[in-house]
Amino acid sequence: MALSVFDSKSASVRVFEPLNPGKVGIYVCGPTVQSAPHVGHLRSAVAFDIIANWLRIGHGFDVKLVRNVTDIDDKILVNAKEQGKDWRELALDVEAIFNSVYDSIGAGVEHRPHATEHIGGMISLIKELIGRGHAYQAAGSANVFFDTASWAGYGELTRQKLENMEGEAIGGGRRAAHDFALWKAPKVGEPDTAAWDSPWGRGRPGWHIECSAMTFAEFGEAFDIHGGGLDLRFPHHENELAQSRAAGYAFANYWMHNGLVTVSGQKMSKSLGNGVSVEEFFEQGSPAAVRYWLGSAHYRSTLDYSAGAIADAEAAVSRIRNYLTRNKANAGVIPVAFAEAMDSDFNVPAALGVLHDAVRAGNSGDESVAASVAAMAVVLGIEAPVAEVNHELAAKVEGLLEQRNAARANKDFTRSDSIREELNQLGVTIEDTANGTTWSING
RNA sequence: GGUCGAGUGGCUGAGCGGCCCAAAGCGACAGCCUGCAAAGCUGUAAAACCACGGGUUCAAAUCCCGUCUCGACCUCCA
């Protein structure tokens, strides 16, 4: 069965073939740690987590998933100054928040290169570009720009022509509107800790060069998949591509862009003030529900948020999670229909349909599906709720259940119902089954 | 101005030439189960005439043309 992937550079579905047999390298643009995460970051994280899972589980690839941390940037400096904090401290604090949120929805990543750890690599890359005639230093300043006019391939990722594009004002030594900064001279008032020595003078790297240098450090001159949000396609990814290719690297073989999260049809963004914070999301449902919702649409489509969306997702995942707790099984064979859906550019919604069908079959008494349900759930990152219950509560619940069963045996239903209500108040849901009563903590 | 997407039942959301009298989930209603619920199962409904108008084809939600509406990017953004 062939895995096909929509490659946004060629704008076509291509059969996926790793550069090195059995191994897959994925680089996903991670957050700029300037302020708290928003829902869009989570969507990207979930999308690529599922993609990596399928590459590993469905195809047995040895996947290295890298998600960088942009920890030096104009906004970090600005925000830190406003908060009267050292920028490095702000970056660290914000990154910690990101990590905990990513972890809570099961989308943590092992490889997290930081921009500030790769300044040396960026400097060599810029040197290479200047040497090849694709970059220039502005007269009388440490600013270095990429020379878009020198690179015929510029615009190939987004299939745009330079003359049709709007651009920035020419100034600061920039020769053309789309020439972008590779190295930036420090601005007045910026702390000296935010500047590094370079052949062009003290300064700091431009945003785009960071990713190019980090992919090189992690994978070398070529790697399989470059991912990120659709909003990064231009200019970020276009610029990364241009500078990396101009420096002589093959760079990414496939480009994958996840769709954006919108609210009432509009992109969620700070400037529009329509952002729904991550806190608000988690108030509406469990992390499992948030993750399910984020992954429930195809990764390339726009995901529109509306009130009640998380609650709906909660109901849907609960079906699967409840089944999982009732039918514990080791991951077994993945159904063909599920594999076909995932192989077709990671069609999670269709795969979810297969999962739900299997759950229904299982709930109808077909015990043979338990292992495959477990296997599919692992791919999608759906887990049975982990009961983190303290013994005190457990003892109390068991005691109450005993009393309730006694009451039921005596047909004292007023008593048994009040006990059920009491348990409900404790946040405990009970299920009466043929084999007795089971209970679980809500959420 | 340029580039690229989207419009499918009450809601979410697959399908992208025949297997579609359109998957799956949520929601609604009914039945079964239950002491009653919950969970689960079964079934039903809502005009799903697949934005609209043409066309191609033996065959179109799916391809082509036009129209309308909405969105993203072209400045920092997952």
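We name chains A, B, ... by the order of the sequence lines, and we start the count at 1 in each one.
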Distance-only donor-acceptor test (3.5 Å): side chain A/His298, base B/rA14: no
Pairwise P distance for B/rU75 and B/rU3, with rounding to whole Å: 16 Å
Within 45° cone and under 6.0 Å: A/Arg175 NZ/CZ vs A/Tyr136 ring: yes
Donor on one side chain, acceptor on other, A/Thr148 and A/Asp179, under 3.5 Å: yes
Distance in angstrom units between A/Asn322 CG and B/rC41 C1', rounded: 15 Å
Touch class at under 4.0 angstrom, heavy-atom based, for A/Ala309 against every strand present: nothing
Donor + acceptor pair across side chains of A/Glu398, A/Trp439 (<3.5 Å): yes
A/Leu260 CG - B/rC73 C1' separation (whole Å): 9 Å
Nucleotide nearest A/Arg420 when distance is taken to its side chain, options B/rA78, B/rG35, B/rA14: B/rG35
side-chain N/O A/Arg360 vs B/rG40 OP1/OP2, d < 4.0 Å: no
Along RNA chain B (nearest heavy atom to each residue), the more 5'-positioned of A/Val28 and A/Leu230: A/Leu230
Ring centroid separation A/Trp151 to A/Phe146 under 6.0 Å: no
Nucleotide B/rG13, atom P - distance to OH of A/Tyr292 in whole Å: 12 Å
Sugar-phosphate, base or nothing in reach of A/Gly259, heavy atoms under 4.0 Å: base
Phosphate-side-chain proximity, A/Arg319 and B/rC41, N/O vs OP1/OP2 below 4.0 Å: yes
Residue matched to B/rC21 through Watson-Crick or wobble contacts both under 3.5 angstrom: none
Nucleotide nearest A/His356 (side chain, heavy atoms from C-beta), chosen from B/rC41, B/rC74, B/rA24: B/rA24
Nearest-Å distance for atom pair CZ/P, residues A/Arg233 and B/rG71: 19 Å
N/O donor-acceptor pair, side chain A/Asp432 with base B/rA37, under 3.5 angstrom: yes
Nearest-neighbour nucleotide for the A/Pro235 side chain, B/rA14, B/rC76, B/rA78 considered: B/rC76
Polar side chain donor-acceptor pair, A/Asn363 to A/Arg326, under 3.5 angstrom: yes
Mate of B/rU75 where both pairing distances stay under 3.5 Å, Watson-Crick or G-U: none
Touch class at under 4.0 angstrom, heavy-atom based, for A/Asp74 against every strand present: nothing
Whole-Å P distance, B/rG54 and B/rG71: 28 Å
Proximal nucleotide (of B/rA39, B/rU3, B/rA37) relative to the A/Gln160 side chain: B/rU3
Sugar-phosphate only, base, or nothing, as touched by A/Ser416 at under 4.0 Å among non-hydrogen atoms: base
Sugar-phosphate, base or nothing in reach of A/Arg408, heavy atoms under 4.0 Å: base
Sugar-phosphate only, base, or nothing, as touched by A/Gly40 at under 4.0 Å among non-hydrogen atoms: base
Polar side-chain contact A/Asp417-B/rG35 base: donor and acceptor under 3.5 Å: yes
Proximity to the side chain of A/Phe234 - top-ranked nucleotide from B/rC4, B/rA78, B/rC73: B/rC73
Sugar-phosphate, base or nothing in reach of A/Asp312, heavy atoms under 4.0 Å: sugar-phosphate
Watson-Crick or G-U counterpart of B/rU44, or none if no pair lies under 3.5 Å: B/rA28
Heavy-atom pair of closest approach, residues A/Asp7 and A/Ser10: OD2-OG, 2.8 Å
B/rC70 pairs with, by Watson-Crick or G-U criteria that keep both distances under 3.5 Å: B/rG5
A/Asn347, nearest nucleotide to its side chain (from B/rA14, B/rC73, B/rG13): B/rA14
A/Asp343 and A/His59 side chains, donor-acceptor separation under 3.5 Å: yes
Pair assignment for B/rA60, Watson-Crick or G-U wobble, requiring both distances under 3.5 Å: none
Side-chain N or O of A/Asn258 closer than 4.0 Å to phosphate OP1/OP2 of B/rA78: no
Parallel, tilted or perpendicular: rings of A/Trp255 and A/Phe251 (30°, 60°): tilted
Spacing of A/Glu210 atom CD relative to B/rC76 atom C1', expressed in whole Å: 13 Å
Same-atom distance (P) from B/rG27 to B/rC68, integer angstrom: 40 Å
P-based separation of B/rG15 from B/rA24 [nearest Å]: 15 Å
Interatomic distance at C1', B/rA61 relative to B/rU57, whole Å: 16 Å
B/rG2 to B/rA59 separation - C1' atoms, rounded to the nearest Å: 38 Å
Pair partner, B/rA39 [Watson-Crick or wobble, under 3.5 Å]: none
Phosphate-side-chain proximity, A/Thr437 and B/rA39, N/O vs OP1/OP2 below 4.0 Å: no
Any A/Asn164 side-chain N or O less than 4.0 Å from OP1/OP2 of B/rU3: no
Sugar-phosphate only, base, or nothing, as touched by A/Phe413 at under 4.0 Å among non-hydrogen atoms: base
C1' spacing across the pair B/rG18 / B/rU34, given as an integer number of angstrom: 47 Å
Touch class at under 4.0 angstrom, heavy-atom based, for A/Lys75 against every strand present: base
Value in whole Å for how far the C1' atom of B/rA78 lies from CD1 of A/Ile105: 12 Å
